[in-house]
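Proteins get letters first, then strands, A, B, ... in listed order; numbering begins at 1 in each.
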Protein chains: 2
Amino acid sequence: MTFSVATIAAEAVAPPPIPAPQPRTAEAVTGRCAGCSARSKGLCGALTAGDLPDLSTTSRPLDLLSATPVVMEGEEADAVFTVMSGMLKLYKTLPDGRQQITGFATAGDVIGLAVGTGYAYTAETVTASTVCRMSRTALRRLMERHPAVQGRLLAMTSVELSAAQDQILLLGCKTAVERVSSFLLALSRRSRPLADGTPSVFLPMPKVDIGAYLGLRPETLSRVLRKLEGAGAITRLTNDRIRIEDPAVLEAAA
Amino acid sequence: MTFSVATIAAEAVAPPPIPAPQPRTAEAVTGRCAGCSARSKGLCGALTAGDLPDLSTTSRPLDLLSATPVVMEGEEADAVFTVMSGMLKLYKTLPDGRQQITGFATAGDVIGLAVGTGYAYTAETVTASTVCRMSRTALRRLMERHPAVQGRLLAMTSVELSAAQDQILLLGCKTAVERVSSFLLALSRRSRPLADGTPSVFLPMPKVDIGAYLGLRPETLSRVLRKLEGAGAITRLTNDRIRIEDPAVLEAAA
DNA sequence: GGGTCCGGTTGATCCAGATCAGGGCGGGTC
DNA sequence: GACCCGCCCTGATCTGGATCAACCGGACCC
């Protein structure tokens with residue numbers, strides 16, 4: 001699954017409110033990162049506790065409402081963002097408006113890494129989210145000072161690349177049923193099961209976004225889900241939660 | 001697309017420029033890499049001439065006929081290969097035999113980088129090729145000894161990721177005509193024009209492989225090429241060479 | 001020479017999924 | 001309450017590209 005590092009850009013059209021000024025004493029900033037829920041993930045996981053001041057002084061958390069753009073495709077890539085909570089969609093847009101979602105980012109994922117000067121895609125929250133901003137120059141300095149960060153970045157980028165190649169296989173070869181089954185299985189591997197132990201997946205994003213990720217229309221997605229439900233593979237609990245009744249059926253279909 | 005690795009290095013530490021070759025005592029091994037046509041590309045471009053013995057003693061060139069597998073999806077990833085000449089196709093296979101080509105590798109590209117223990121794809125020559133083998137442990141040692149190699153690897157992986165996301169956009173959104181036009185344009189940007197200055201592309205791989213890369217059947221590819229030829233966008237010179245008559249028409253279609 | 005094989009091309013037909021259209025429902029607002 | 005609006009679902013129809021089928025021409029072999 002893609003969920004992970006993304007690339008995108010620039011200034012949000014509707015910038016989120018700027019948080020109150022941060023305390024700048026070492027203790028305060030160290031404490032902020034030390035208590036971060038994404039502390040062990042993303043780039044930060046490559047640093048030891050002693051390095052936290054380096055992080056806290058160069059990064060800044062942002063609380064965002066849903067449907068808020070974080071970076072815009074093509075704009076100057078001057079910062080990267082680590083997702084602390086929530087979910088974002090990453091997408092590319094063709095000149096005529098067609099959009100392809102390349103991935104969804106959740107806690108620990110890093111978005112905004114760019115090859116050139118511009119973000120490669122747009123990132124936008126699909127639920128209320130918290131992200132942590134770090135300027136590109138700060139990231140560069142951090143990498144120079146802590147080589148482990150570069151290693152972590154390489155590892156994350158490699159995982160992203162592998163996920164992207166899986167998505168290429170999905171889009172190039174698979175049928176609608178296979179795509180949806182693969183998607184549900186990949187998601188279920190990343191989420192905790194229900195209280196009774198059966199696996200389930202949480203789908204906070206609108207169906208049209210899932211379709212845009214899988215290369216399908218929302219109508220088709222709806223029909224496929226109905227078919228999978230009829231086959232006993234899944235049960236739709238609510239609009240945004242699906243229980244996996246029989247992973248084997250999904251495996252066979254994927 | 002996967003094609004050769006470009007230059008720009010995301011956030012990576014910039015590799016040093018390549019100085020002129022310098023004489024060494026171990027002339028035999030130094031000489032082999034010093035005269036390598038891919039010397040300035042791929043991972044090797046991150047090293048200075050003085051480091052060449054490190055390379056020569058751990059890497060070994062291999063001459064391969066066409067249709068020769070180099071790495072197999074799922075097998076233990078114990079080595080990486082730098083392409084010195086020729087062309088390879090990289091593909092993933094579904095259990096029922098459907099194949100999706102994720103990219104073509106040419107001189108300077110590195111294949112066989114793996115996230116886990118197994119190769120993520122199969123790589124097979126499409127023309128007679130020369131590749132240079134380096135064991136994974138040797139690569140790890142090289143990275144430890146020369147941090148610039150890790151930076152180069154990150155840069156190359158980032159470019160690969162960006163290309164993969166472009167391919168996701170292509171497969172998820174574009175029509176057959178748009179796919180072929182995008183493909184021809186991307187190729188033409190990487191190849192030298194004909195003697196008379198008009199751009200052209202070289203397609204040594206069979207049409208079925210181009211189709212497997214673009215998510216199209218060979219019949220469809222043939223029809224699209226005919227249509228583009230009819231529109232005055234291209235001319236088919238030989239079976240494996242196409243002249244771009246009007247890049248603007250392709251741009252409009254892509 | 002004649003044969004086979006294989007890649008490519010062209011034509012006819014089919015079908016998975018897109019598109020078009022309508023309706024239901026839950027949440028928000030006044 | 002009534003109204004609106006977004007999202008989702010379902011049915012009917014359409015279509016781009018797949019599939020099926022035939023043919024062609026060059027490479028290779030005997």
Check whether any side-chain heavy atom of [X] lies under 4.5 Å from a side-chain heavy atom of [Y], and answer yes or no.
X: B:Tyr91; Y: B:Glu73; value: no
X: A:Leu187; Y: A:Phe104; value: no
X: B:Ile242; Y: B:Glu229; value: no
X: B:Leu161; Y: A:Val115; value: no
X: B:Leu214; Y: B:Leu170; value: yes
X: A:Leu228; Y: A:Val177; value: yes
X: A:Asp196; Y: A:Arg243; value: yes

Checklist entry - Rounded to whole angstrom units, what separation is found between the CG atom of B:Leu216 and the C1' atom of C:dG8? => result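 The distance from CG of B:Leu216 to C1' of C:dG8 comes to 16 Å, rounded to the nearest Å.
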Next on the checklist: Without decimals, in angstroms, what is the distance between A:Arg217 CZ and C:dA21 P?
Outcome noted: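 These atoms are roughly 16 Å apart.
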Item to check | Positional range of nucleotides in DNA chain D within the contact set of chain B, heavy-atom, under 4.0 Å | outcome: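 Counting from the 5' end, contacts occupy D:dG17 to D:dC20.
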Next on the checklist: Once you apply a heavy-atom cut-off of 4.0 Å, does A:Gly215 come out as touching a base, just sugar-phosphate, or nothing?
Outcome noted: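 Since only primed, P, OP1 and OP2 atoms lie under 4.0 Å of A:Gly215, the category is sugar-phosphate.
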Checklist entry - In residues 218-237 of chain A, which residues come under 4.0 Å of DNA chain C by heavy atom? => result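 Residues of residues 218-237 of chain A that come under 4.0 Å of DNA chain C are, in numerical order, A:Glu219, A:Thr220, A:Arg223.
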Next on the checklist: To the nearest 0.5 Å, what is the distance between CG on B:Asp109 and CE on B:Met84?
Outcome noted: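 Interatomic distance, B:Asp109 CG to B:Met84 CE, rounded to 0.5 Å: 14.0 Å.
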